[in-house]
Amino acid sequence: MERKNTFLKVMAVIILIQGILQILNVVLVVSAGMQTNVSSAMYYIAIILSGLYGLTAVTGGLNGIRFGNRLDGCQRSFYYGAALLVLDLIMILFNAAGGSFELDQIGSFFLPAMFTIAAVMGGRQ
């Protein structure tokens, strides 16, 4: 069943842009190398998690743009949004374990949460 879901499309574009920027950030960090005094395990975990987040955001954004008008597209967008929230939580937990947690990192849940809410609202129409 086709439906108009402008909120999901807008959030998908924003998530797509965020994912592209995240992948560019990973490329820049990898090319610059480890320049601060952190353990190599934490460095590689951060690179892997950031890369996974970027890839998930890009695929979720493309899915929301292309299939956001269909019910199965909204369901897939919900799963991508939930995966982004889980990756975000894992990154925050690793930051807390590494001693670099700051309270403003909680704000990183906003865009994935809005994308997930848009998918739920689109699926309920």
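Values reported hereafter were calculated over all heavy atoms of this structure, with side chains retained and with hydrogens, waters and symmetry mates removed.
With values rounded to the nearest 0.5 angstrom, Ile45 atom CD1 is found 12.5 Å from Met91 atom CE. Taken to the nearest 0.5 Å, the CE atom of Met121 stands 8.0 Å off from the CG atom of Asn5. Atom OG1 in Thr56 sits 10.5 Å away from atom CD in Gln22 (nearest 0.5 Å). Once rounded to the nearest 0.5 Å, the distance linking CZ of Phe67 with SG of Cys74 reads 12.0 Å. Atom-to-atom distance recorded for Phe7:CZ and Ile117:CD1 is 7.0 Å, nearest 0.5 angstrom.
Linking Ile, Leu, Val, Met, Phe, Trp and Tyr whenever their side-chain heavy atoms come within less than 4.5 Å puts Phe110 and Val10 in one cluster. When hydrophobic clusters are built by joining Ile, Leu, Val, Met, Phe, Trp and Tyr residues whose side-chain heavy atoms come closer than 4.5 Å, directly or via intermediates, Leu21 is grouped together with Leu62. Connection of Leu87 to Ile15 is established within a shared hydrophobic cluster, with ILVMFWY side chains joined at heavy-atom distances below 4.5 Å, either directly or through further cluster members. Linking Ile, Leu, Val, Met, Phe, Trp and Tyr whenever their side-chain heavy atoms come within less than 4.5 Å puts Ile23 and Ile65 in one cluster. Linking ILVMFWY residues whenever their side-chain heavy atoms come closer than 4.5 Å, directly or via other members, leaves Tyr79 and Leu55 in distinct clusters.
Between Lys9 and Gly68, the shortest heavy-atom distance links the atoms NZ-N, 4.2 Å. When all heavy atoms of Ile92 and Ser108 are compared, the pair lying nearest together is CD1-OG, 3.8 Å. Counting all heavy atoms, side chain and backbone alike, Val26 lies closest to Ser50 at CG2-CB, 3.5 Å. The heavy-atom pair separating Leu85 from Pro112 by the smallest distance is CD2-CB, 3.7 Å. Nearest heavy-atom pair, Ala57 versus Gly19, reported as atom, atom and distance to 0.1 Å: CB-CA, 3.5 Å. Smallest separation of non-hydrogen atoms from Ala119 and Leu8: N-CD1, 3.9 Å.
A 4.5 Å side-chain heavy-atom check between Asp88 and Leu84 finds every atom pair outside the cut-off. Side chains of Arg70 and Arg76 form a contact here, defined as non-hydrogen atoms less than 4.5 Å apart. Two residues are said to be in side-chain contact when any heavy atoms from C-beta on lie closer than 4.5 Å; Met11 and Leu111 meet this criterion. Within the 4.5 Å cutoff, side-chain heavy atoms of Leu16 are placed close to those of Ile20.
Heavy-atom neighbours of Phe109 CZ from other residues, nucleotides or ligands within 6.0 Å: above the threshold of 12.
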Exercise. Report the C-alpha separation of Val86 and Ile90 in whole Å, then their side-chain angles, then the decisive distance to 0.1 Å, and conclude whether the side chain to side chain contact (heavy atoms under 4.5 Å, CB included) test is met.
Key: CA-CA 6 Å; Val86 167; Ile90 291 171; 3.9 Å; yes

Exercise. Could you go through the side chain to side chain contact (heavy atoms under 4.5 Å, CB included) check for Tyr53 and Leu49 one step at a time?
Key: CA-CA 6 Å; Tyr53 185 92; Leu49 287 175; over 6 Å; no

Quiz item: How far apart are the C-alpha atoms of Phe78 and Phe115, what are their side-chain angles, what is the distance that settles it, and do they pass the side chain to side chain contact (heavy atoms under 4.5 Å, CB included) test?
Solution: CA-CA 8 Å; Phe78 171 78; Phe115 181 65; over 6 Å; no

Practice problem: Give the C-alpha distance, both sets of side-chain angles, the deciding distance and a yes or no for side chain to side chain contact (heavy atoms under 4.5 Å, CB included) between Ile14 and Gln18. | Solution: CA-CA 6 Å; Ile14 293 171; Gln18 182 188 24; 5.6 Å; no

